[in-house]
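Below is one structure, written out as structure tokens, with a few remarks after it.
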There are 2 protein chains.
Amino acid sequence: MPKKPVADVSDTETRATSEHAPDLRLWLRTLACTNLIENHIRSCLRAEFGITLPRFDLMAQLERSPQGLKMGELSKRMMVTGGNVTGITDQLVAEGLVLREDSPKDRRAYIVKLTPQGRHSFRKMAEAHEKWVVELFGGMDEKQRGQLYQLLALLKTSAAAAAGNKPRPRRT
Amino acid sequence: MPKKPVADVSDTETRATSEHAPDLRLWLRTLACTNLIENHIRSCLRAEFGITLPRFDLMAQLERSPQGLKMGELSKRMMVTGGNVTGITDQLVAEGLVLREDSPKDRRAYIVKLTPQGRHSFRKMAEAHEKWVVELFGGMDEKQRGQLYQLLALLKTSAAAAAGNKPRPRRT
DNA sequence: TTGTATATATCGACGCTTAAAATATCAAAA
DNA sequence: TTTTGATATTTTAAGCGTCGATATATACAA
């Protein structure tokens, strides 16, 4: 049995101790939370629906954009490279869950959409997914969640500014 | 008292969704922050030191534990599977940055340690790494970072509880 | 028009990651 | 002792993900 990595008191966060900068500990705690949640959702999706997290994520993007999205749009929104989106899309097309249409405006581009079957499958999964997320955040009260939401907005702005200047210029 | 919502039995799903959608947005924002930061650090490590992020992370764990760590300890702390640790360790051993020692207590286990060269390499990288992290969080003031740190502690506890109870490995 | 630059997507090579199965060891009960 | 079950790690196969290179299409300038 593939023992899943279980977080305990000595997880990723222990990489930093008192001698490290507070910012480093903050980052490692952020990362630990994300890994914990992501690993749980991944295993739930697999156990309940036999789907991988990346495929679910791609379908989630399409569900939010019923008019369809170009490959590049998917790449940006999922924060992964274009080549990666090509591969995941290929898989979903083979499963009949999404389809590629030629863009009428730009012959270089495809428009990717959910098929009716894909939309139907996704909606059932999304319901369970949301329930899991609610459970994962359930130990915080509403005020705390609201504060966290606001602080993460600041972090996102801060990190985007810092990352944008350096060696990762992927901008539209 | 504000207007009372009218019960709509035929809309249970939609109601549940709009009720819990904030948690979903909170999770997606958390994920976006992590991806942004992680992608930036990954490309910086690659550009400046020609190393991958997983290898850096493994070395960071060993730096924190000079007595060395067993493979399973590394797996837990890095929150990845054991097979993954095997592969990354193999690479680092081949590069001379890490070594495997037989455990004197348990012949199944290895003790993994940084080599002197590995320790030296890591310290230079860690200095730059910490600088990048400080930059990424630099748009938040100290009070905000402190609040975020506290809220993430709550999230970690909450998520660990939810992930630990539910559809986890079934002990037979 | 021609040339150059930019944008869109795919491909191939390589490395990371998981899940599941295999191997070996340990520990303790029968 | 032998058996039983748990623990520690590796192995395998499939999928994810990046990077760099390529092919093609678009945009724009001279």
Side-chain angles (χ1 to χ4, degrees), chain A residues 1-6 35 38-47 50-58 68-76 78-95 100-112 167-172, chain B residues 34-35 38-47 50-58 68-95 100-112 167-172:
Chain A
M1 39 270 110
K3 194 76 157 52
K4 288 223 77 141
V6 173
N35 286 338
E38 205 169 32
N39 285 341
H40 180 64
I41 291 174
R42 184 198 322 282
S43 74
C44 287
L45 278 174
R46 166 172 283 272
I51 198 177
T52 64
L53 182 53
R55 291 180 203 187
F56 177 86
D57 284 344
L58 194 151
L69 290 171
K70 295 195 294 182
M71 300 296 282
E73 283 290 334
L74 279 169
S75 169
K76 258 193 308 187
M78 296 175 71
M79 301 175 90
V80 297
T81 56
N84 191 357
V85 172
T86 297
I88 298 171
T89 301
D90 287 346
Q91 296 283 349
L92 289 170
V93 168
E95 294 181 89
R100 280 184 169 96
E101 288 178 0
D102 292 330
S103 170
K105 295 283 191 180
D106 187 338
R107 277 184 302 187
R108 294 170 298 184
Y110 292 114
I111 307 292
V112 185
R168 193 176 183 82
R170 206 65 193 113
R171 189 64 194 110
T172 313
Chain B
T34 299
N35 286 337
E38 205 169 31
N39 285 340
H40 180 64
I41 291 174
R42 185 199 320 283
S43 75
C44 286
L45 279 173
R46 181 184 191 84
I51 198 176
T52 64
L53 180 54
R55 291 180 202 187
F56 177 85
D57 284 343
L58 194 151
L69 290 171
K70 294 196 297 182
M71 301 296 282
E73 280 292 328
L74 278 169
S75 170
K76 261 193 303 187
R77 298 191 189 203
M78 296 173 72
M79 300 174 94
V80 298
T81 56
N84 191 355
V85 172
T86 297
I88 299 170
T89 301
D90 287 347
Q91 295 285 345
L92 288 170
V93 169
E95 294 181 88
R100 277 183 168 99
E101 289 178 359
D102 291 329
S103 170
K105 292 285 188 180
D106 186 339
R107 276 184 304 189
R108 294 170 298 181
Y110 292 113
I111 307 292
V112 185
R168 265 293 159 161
R170 196 92 75 98
R171 293 284 149 108
T172 55

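In what follows, chains carry the letters A, B, and so on, assigned in the order in which the sequence lines appear, proteins first and then strands, with residues in each chain numbered from 1. For clarity, every value in this text was computed on a predicted model and none was experimentally measured. Values below: every heavy atom of this structure, side chains too, minus hydrogens, waters and symmetry copies.
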Could you give the [atom1]-to-[atom2] distance, from [X] to [N], as a whole number of Å?
X: Met79(A); N: dC16(D); atom1: CE; atom2: P; value: 19 Å
X: Asp102(B); N: dA8(D); atom1: CG; atom2: P; value: 16 Å
X: Lys105(A); N: dA27(D); atom1: NZ; atom2: P; value: 11 Å

Which donor-acceptor pairs under 3.5 Å do side chains of residues 82-89 of chain B form with protein atoms, sequence neighbours excluded?
| residue | atom | partner | partner atom | Å |
| --- | --- | --- | --- | --- |
| Thr86(B) | OG1 | Gly82(B) | O | 3.3 |
| Thr89(B) | OG1 | Val85(B) | O | 2.7 |

- Message: For a quick test of reading the model: is some side-chain N or O of Ser103(B) closer than 4.0 Å to OP1 or OP2 of dA8(D)?
- Response: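 Answer is no, no contact under 4.0 Å.
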- Give a yes/no on whether any side-chain N or O of Arg107(A) is located under 4.0 angstrom from OP1 or OP2 of dT26(D).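 Answer yes for this pair, as a side-chain N or O of Arg107(A) is under 4.0 Å from OP1 or OP2.
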- side chain to side chain contact (heavy atoms under 4.5 Å, CB included) partners for Thr52(A), two or more places apart: Pro54(A), Arg55(A)
- Message: Asp102(A): which residues meet the side chain to side chain contact (heavy atoms under 4.5 Å, CB included) condition with it, sequence neighbours left out?
- Response: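 Result, side chain to side chain contact (heavy atoms under 4.5 Å, CB included) vs Asp102(A): Tyr110(A).
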- Message: Applying side-chain hydrogen bond (donor to acceptor under 3.5 Å, both in side chains), can you list everything that pairs with Arg107(A), at least two apart in sequence or on another chain?
- Response: none
- Message: Holding to side-chain hydrogen bond (donor to acceptor under 3.5 Å, both in side chains), I want the full list of residues that pass it with Ser75(A), two or more places apart in sequence or in another chain.
- Response: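 So Ser75(A) forms no side-chain hydrogen bond (donor to acceptor under 3.5 Å, both in side chains) with any residue.
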- Message: Could you work out, with salt bridge (Lys or Arg N to Asp or Glu O under 4.0 Å) as the rule, every residue matching Arg46(A), not counting sequence neighbours?
- Response: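 In terms of salt bridge (Lys or Arg N to Asp or Glu O under 4.0 Å), with neighbours along the sequence ignored, Arg46(A) is linked to no residue.
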- Message: Test of understanding: with salt bridge (Lys or Arg N to Asp or Glu O under 4.0 Å), list the residues that count as partners of Arg100(A), not counting sequence neighbours.
- Response: Asp90(A)
With the side chain of [X] defined as its heavy atoms from C-beta on, choose the nearest nucleotide among [options].
X: Gln91(B); options: dT18(D), dC16(C), dA19(C); value: dC16(C)
X: Asp106(A); options: dT18(D), dT26(D), dA20(C); value: dT26(D)
X: Thr52(A); options: dG15(C), dG15(D), dT18(D); value: dG15(D)

Nucleotides 9-11 of chain C: which of its N/O atoms have a protein N/O under 3.5 Å away?
| residue | atom | partner | partner atom | Å |
| --- | --- | --- | --- | --- |
| dA9(C) | OP1 | Met71(A) | N | 3.3 |
| dA9(C) | OP1 | Tyr110(A) | N | 3.1 |
| dA9(C) | OP1 | Tyr110(A) | O | 3.4 |
| dA9(C) | OP2 | Gly72(A) | N | 2.6 |
| dT10(C) | OP1 | Arg100(A) | NE | 3.1 |
| dT10(C) | OP1 | Arg100(A) | NH2 | 2.9 |
| dT10(C) | OP2 | Thr86(A) | OG1 | 2.5 |

- Message: Once rounded to the nearest 0.5 Å, what's the spacing between atom CD of Glu73(B) and atom CD1 of Ile111(B)?
- Response: 9.5 Å
- Note on the structure: Rounded to the nearest 0.5 angstrom, the NE2-CG distance for His40(B) and Leu45(B) is 10.0 Å
- Message: Taking the axis from the first five pairs and the axis from the last five, what angle separates them in the helix from dT1(C)-dA30(D) to dA30(C)-dT1(D), rounded to 10 degrees?
- Response: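 For the helix from dT1(C)-dA30(D) to dA30(C)-dT1(D), the axes at opposite ends meet at about 0°.
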